[in-house]
Amino acid sequence: MATTRTAHTIWTGSLTEGRGTLSFDSSGLGEHPVSWPARAEEPDGKTSPEELIAAAHSSCFSMALSNGLSGAGNPPSRLTTQADVTFQPGTGITGVRLTVRGEVPGLDEAAFVSAAEDAKVNCPVSQALTGVPITLSASLG
């Protein structure tokens, strides 16, 4: 069954002087401020499209890796995934770096790295981001 999730943003003003409010409609997680300075300079308590992509990617990748490991008979005890999305004003998103550390009883490092590489390629967010380089660092411990 397909699902659709919804969010909306209300923006006022120009790109550099304006500001917006992002609302997570489907989950009801509330409203969050966004601005150009938060995107291109310092967050200052606001979010950005790139931070939202990082959140989506880290959670999607973790789910895909957990599924792959579990399907191979090695369910993880814990996966900690960080996604760093780099934004260059005037160019756009220039890359994503995924870093995952796993606790997977009975699995060696090589098998974990292989499963992580598979998750990187097959997670739906990775597939949606095929226009940018995605790198991965995976380790146990």
Does [X] belong to the same Ile/Leu/Val/Met/Phe/Trp/Tyr cluster as [Y], with side-chain heavy atoms less than 4.5 Å apart forming each link?
{"X": "Val121", "Y": "Val125", "value": "no"}
{"X": "Ile10", "Y": "Leu15", "value": "no"}
{"X": "Val104", "Y": "Val113", "value": "no"}
{"X": "Met63", "Y": "Leu136", "value": "no"}

With no hydrogens and no angle check, is any side-chain donor or acceptor of [X] less than 3.5 Å from a backbone partner on [Y]?
{"X": "Ser114", "Y": "Ala110", "result": "no"}
{"X": "Lys120", "Y": "Ile134", "result": "yes"}
{"X": "Ser58", "Y": "Ala54", "result": "yes"}

Can you run down the side chain to side chain donor-acceptor pair (under 3.5 Å) pairs that involve residues 4-22, sequence neighbours left out, and say none if there aren't any?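 Matches after skipping sequence neighbours: His8-Asp25.
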Please step through side chain to side chain contact (heavy atoms under 4.5 Å, CB included) for the pair Leu52 and Leu22, ending with a clear verdict. CA-CA 11 Å; Leu52 297 170; Leu22 163 71; 3.3 Å; yes
Just how far is it from atom CD of Gln82 to atom CG of Asp84, taken to the nearest 0.5 Å?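 Answer rounded to 0.5 Å: 4.5 Å.
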Inter-residue atom distance Thr94.OG1 - Glu50.CD, 0.5 Å rounding: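 If we round to the nearest 0.5 Å, Thr94:OG1 and Glu50:CD are 9.5 Å apart.
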Looking only at heavy atoms, which two atoms of [X] and [Y] are closest? And how far apart?
{"X": "Trp36", "Y": "Pro89", "result": "CZ2-CB, 4.0 Å"}
{"X": "Glu103", "Y": "Gly141", "result": "CG-O, 4.3 Å"}
{"X": "Pro124", "Y": "Cys60", "result": "CD-SG, 3.3 Å"}
{"X": "Ile93", "Y": "Val132", "result": "O-CG1, 3.3 Å"}

Run Asn74 and Phe112 through side chain to side chain contact (heavy atoms under 4.5 Å, CB included) and show every step you take. CA-CA 10 Å; Asn74 297 296; Phe112 181 73; over 6 Å; no
Any side-chain heavy-atom pair from [X] and [Y] closer than 4.5 angstrom?
{"X": "Ser139", "Y": "Glu109", "answer": "yes"}
{"X": "Arg39", "Y": "Pro49", "answer": "yes"}
{"X": "Gln127", "Y": "Asn122", "answer": "yes"}

Residues forming a side-chain contact (heavy atoms from CB on, under 4.5 Å) with Ser70, sequence neighbours excluded: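 For Ser70 the side-chain contact (heavy atoms from CB on, under 4.5 Å) partners, ignoring immediate neighbours, are Ser66, Pro75, Pro76.
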Show your working on side chain to side chain contact (heavy atoms under 4.5 Å, CB included) between Lys46 and Val34 and close with a plain yes or no. CA-CA 5 Å; Lys46 297 173 181 68; Val34 295; 5.7 Å; no
